Each structure stands twice: as C-alpha cells, then as structure tokens.
Amino acid sequence: MNSVQKLFIIHTANMTGGGSQSIRELIQNLDEKIDLLVNIDHRVNSSALKKFYGKNVRKIYRFHLPFRRSALGLKLEKNAAKEWIDREREYLRDKKKIYDLIRRNKYHFIHLNSYVLYPLISSRFPMYIHIREIFEGNFMTRKIVNQRLRQARGIFYIDYAVKESFGVCNKKEIVLNNPFDQSAVLGVDKENVLNSYHLQGNRTIFTFVSARFDEIKGFDYVIEEFVCSNCSNAELVVVGSNAPQKYKQIPNVHFLGRIQNMEEIYAISDFVVRGDIIFAVGRTTYEALYSGCHVMVPGNKDTDKAKLFEYDAFEDRIMFYEPRKKGALAGAMKSVDGMKKEKCLGLSNETEYVRQFLQFVEGGRKQ
C-alpha cells in the first residue's frame, strides 16, 4: 500500500507565481511526505521542482494538465488559440493516466492548486480544489464549472472576492488566507539594497508588483497615477517587469524586473500598491503587511474591509482608493508623500494556516 496519503496537483512548473509560493509554504510545513503532480514543461526539470518544494516531497509525476481560462485576466488571445488547443489535446491523452495513478496509489487526499484545473475533479476521488482566481465567464460556462466544483470534497477560496465571483454552494468550503512568512525581512541590509537599486532611503518608496503589462493588474494606471501625483519626495518601484519604451525616461520610476529575493523589496518599501480593476486582496497585500509596510488597495472601505483578513490588526496601515478612478490613487499617494514606515515586522502565520488547513480537510466545516 502507498505510504504517502496526499497528492498535490500543481498547474504550472513556474516557481515564481503566488499560487506556487503559497502551496510551497504549506507543503514545507506539513509533518509528512507528499507526492506532487506537475504540468509538463520542458523548461523546468523535476530536480529543480523538488528543490523548490522541499524535503517533504517523495515523488514528482509529470503529466499534461488542463488549463481553463474563464477567470479574470486569463483571456485567450487569438494568436494563442492553437497553443491552447494543442495543450488540451495533450491533457485529454494523459487524463486516464492521471486517474490510473490516483487509483494505484490510493491517495486519501488530492489537492488541485488552481481553478484552471477544475476539469480534473471527479466525485470518485477525494479531491479538494484551491481557487485563487476570480471567475469571469458566461452563464453556460458558470453552470458547467459549478456542476464540476460541487463534485469536489471541499473548496478552498483565498478570499471573499474569489468566493463571491463563483456563487457555487459546496457542502464543504472555506475562505482561508494564504500562508505567509516574512521573517526574512528582518535580516535584510537595507542600505545595501537601496544602493544597489539606486534608491534614496529618505524618500517614500511606493512598490507595485506585476509581471504583466495588462489592464487587469493596472500596470499603466499605477504608473500614470504616480506621475499625476506630482510627489516631490517619493519614488515608484515596479517589480516583475522591465520598462516599456514609453516609461523609460520617467523620473523616479524604477523598473527592477524579476526579483528572486522579494524580502529585500519589502524591507525597503513603505507602501505596496495594488492596481486591480476591482477589489481583490492579492498575495502582495499580506506580504507587505506582514513585513511592516503600508498598502494601498482599490475598493470601498465601508463594504470591503470585512473581506480583509485581520483587518483590525492592520487597519492603520491599509488605505482604500476608488478603483481606476482618475486621480484617486494619485491623491492617496500625494497624501503620504515623504512618509516612511515605522519599522520592519517580519510576521508569520504559517503555523495557524497549516492548523486550519488540516482541520478543514480532516475534520471539516462549512464557513
């Protein structure tokens, strides 16, 4: 009989995304061995994945997995249609092999790490799905998705905005924030980091994190609002992207590209800015708060503060602004021009997160 009871199915071999980081922290804090099933991506080998996910990983299986795009920000571009069709064809060829693996190893718990994997859900197996995306699709798509989601043994939503977008009622579901451990910010040599990125530590540092230039994340909106703010004692740091040509000559806007050690960025940041088109919490919100930073989030304080985990603990460091309203973010930035955070905090919720995760799976409750 297979000694490993848990299988985690991860939709991407990318090791920099928020979903990968979150499930990594859970796996590393479990007191047991697990197996991984990861999408085939020849750019990333299994040795690198095993190193990333840690010592609790026993085996890594590689199959082609589904990838559904009916989520905010995952629209299929015309030139990507063939790529998606090819991927779907490969998944359908591997689908039976995946189910055969599950049967053979007799897992007690199968975790799907993203909404895009929902076609894999089958009531024949003890499957749970972790939904991190906001649903965006037509009525028929929603009906199909919800029928499949109801077959899951349980659903994890990372925040209330995600849960509300689906509207599905599963007999076992929970809204559970991501795991965060920001203790590494306490060991950062801030002066060295500031010098390496040519930043001035006595000025307010606004940080925007996005690997995509798209409208959903608000890439253009955040940069243009910073310019419109006319802040005289602040700088904007953009992490995850290189500078588009049109922004290369803008003073006090710094494009750092992809950063491996994000604790360095949180250590020097004063405000982390979200530019989403609607209210959404996002991983960087809590990485920032747990690091000691302030955050600027699009939304309405009166209606959205209840959707933020630990709002009472962080209330004095959360600023709301009206999503995508011209001048709204600029005004918020101007109001804190020159302001510095008090100190780095380096908080962690990993122990409590693992406890709630296991309680839901093993005992279970509906929230």
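All values derive from a computational prediction rather than experimental measurement. We use all heavy atoms of the structure for the numbers below, so side chains are in, but hydrogens, waters and symmetry mates are not. Sequence positions, counted from 1, serve as the residue numbers for this chain.
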Candidate pair L7 and F109, rule side chain to side chain contact (heavy atoms under 4.5 Å, CB included), full reasoning: CA-CA 6 Å; L7 173 68; F109 168 88; over 6 Å; no
I40 reachable from L101 in the ILVMFWY side-chain graph, under 4.5 Å edges: no
Distance-only donor-acceptor check, side chains Y53 and Q28, under 3.5 Å: no
Main-chain N/O of G292 paired to K343 side chain as donor or acceptor, under 3.5 Å: no
Side chain proximity check, V44 to V38, heavy atoms < 4.5 angstrom: no
Donor-acceptor under 3.5 Å (N56 side chain, I27 main chain): yes
Within the 6.0 Å centroid threshold, strictly below: F360 and F156: yes
Over 12 non-hydrogen atoms of neighbours within 6.0 angstrom of NZ in K33: yes
Axial cation check for Y99 ring with R124, 6.0 Å and 45° limits: yes
Minimum side-chain heavy-atom gap L149-I121 below 4.5 Å: yes
Gap separating the OG atom of S229 from the CG atom of D337, nearest 0.5 angstrom: 7.0 Å
Check ion pair K340-D270 (N to O, under 4.0 angstrom): yes
Distance, nearest 0.5 Å, that separates CG of N45 from CG of D41: 10.5 Å
Presence of salt bridge, R87 and E90, under 4.0 angstrom: no
Spacing of K95 atom NZ and L65 atom CG [to the nearest 0.5 Å]: 12.0 Å
Side-chain donor/acceptor of R324 to backbone N/O of G275, under 3.5 Å: yes
Y247 side chain to E224 side chain, donor-acceptor N/O pair below 3.5 angstrom: yes
Beyond-backbone contact of E133 with S165, side-chain heavy atoms, under 4.5 angstrom: no
K96 with D100: basic N within carboxylate O range, under 4.0 Å: yes
Side-chain (R317) to main-chain (L289) donor-acceptor, under 3.5 angstrom: yes
Side-chain touch R274/P298, heavy atoms, less than 4.5 angstrom: yes
D276 (side chain) donor-acceptor with I278 (main chain) under 3.5 angstrom: no
Centroid separation H111 to Y128 less than 6.0 Å: no
Where F206 and A234 come nearest, the two heavy atoms and their spacing: CE1-CB, 3.6 Å
N/O donor-acceptor pair under 3.5 Å between N39 side chain and H64 backbone: no
Salt bridge (Lys or Arg N to Asp or Glu O under 4.0 Å) partner of D35, chosen from K106, R58, R104, R62: R58
Ring center gap for Y115 and F166 short of 6.0 angstrom: yes
Any donor-acceptor pair under 3.5 Å from D159 side chain to V162 backbone: yes
Side chains of E25 and Q21, donor plus acceptor under 3.5 Å: no
Minimum-distance pair of heavy atoms, taken over all atoms of S291 and V185: OG-CG1, 3.6 Å
Rounded distance (nearest 0.5 Å) linking atom CG of L256 with atom NE2 of H254: 8.0 Å
F125 and Y107 aromatic centres sub-6.0 Å: no
Within-4.5 Å side-chain heavy-atom neighbours: R203 and E235: yes
For R148 against Y118, the heavy-atom pair lying closest together: CG-O, 3.1 Å
Nearest heavy-atom neighbours spanning M127 and S122: SD-N, 3.5 Å
Sub-4.5 Å side-chain heavy-atom contact between F271 and T204: yes
Close side-chain approach of F320 and I318, heavy atoms under 4.5 Å: yes
Residue pair N252 / L236, side-chain heavy-atom distance below 4.5 Å: no
Rounded distance (nearest 0.5 Å) linking atom CG of L117 with atom CG of L37: 9.5 Å
Short side-chain donor-acceptor distance under 3.5 Å, Y290 and E310: yes
Salt-bridge contact E225-K326 (side-chain N to carboxylate O under 4.0 Å): no
Polar side chain donor-acceptor pair, N29 to E350, under 3.5 angstrom: yes
Gap between atom OG1 of T284 and atom CE of M262 - 0.5 Å precision: 8.0 Å
Working for side chain to side chain contact (heavy atoms under 4.5 Å, CB included), residues T285 and V272: CA-CA 7 Å; T285 300; V272 170; over 6 Å; no
Considering all heavy atoms, the nearest G19-N113 contact: O-ND2, 3.3 Å
Residue pair R132 / S114, side-chain donor-acceptor N/O under 3.5 Å: no
Shortest non-hydrogen contact between I158 and F309, atoms and distance: O-CE1, 3.4 Å
Stepwise side chain to side chain contact (heavy atoms under 4.5 Å, CB included) check, I131 with K163: CA-CA 8 Å; I131 301 183; K163 182 178 187 299; over 6 Å; no
N/O donor-acceptor pair under 3.5 Å between D94 side chain and K97 backbone: no
Chi angles and distances behind the side chain to side chain contact (heavy atoms under 4.5 Å, CB included) call for V193, E263: CA-CA 11 Å; V193 176; E263 65 269 14; over 6 Å; no
SB check K307 E164 (cutoff 4.0 Å): yes
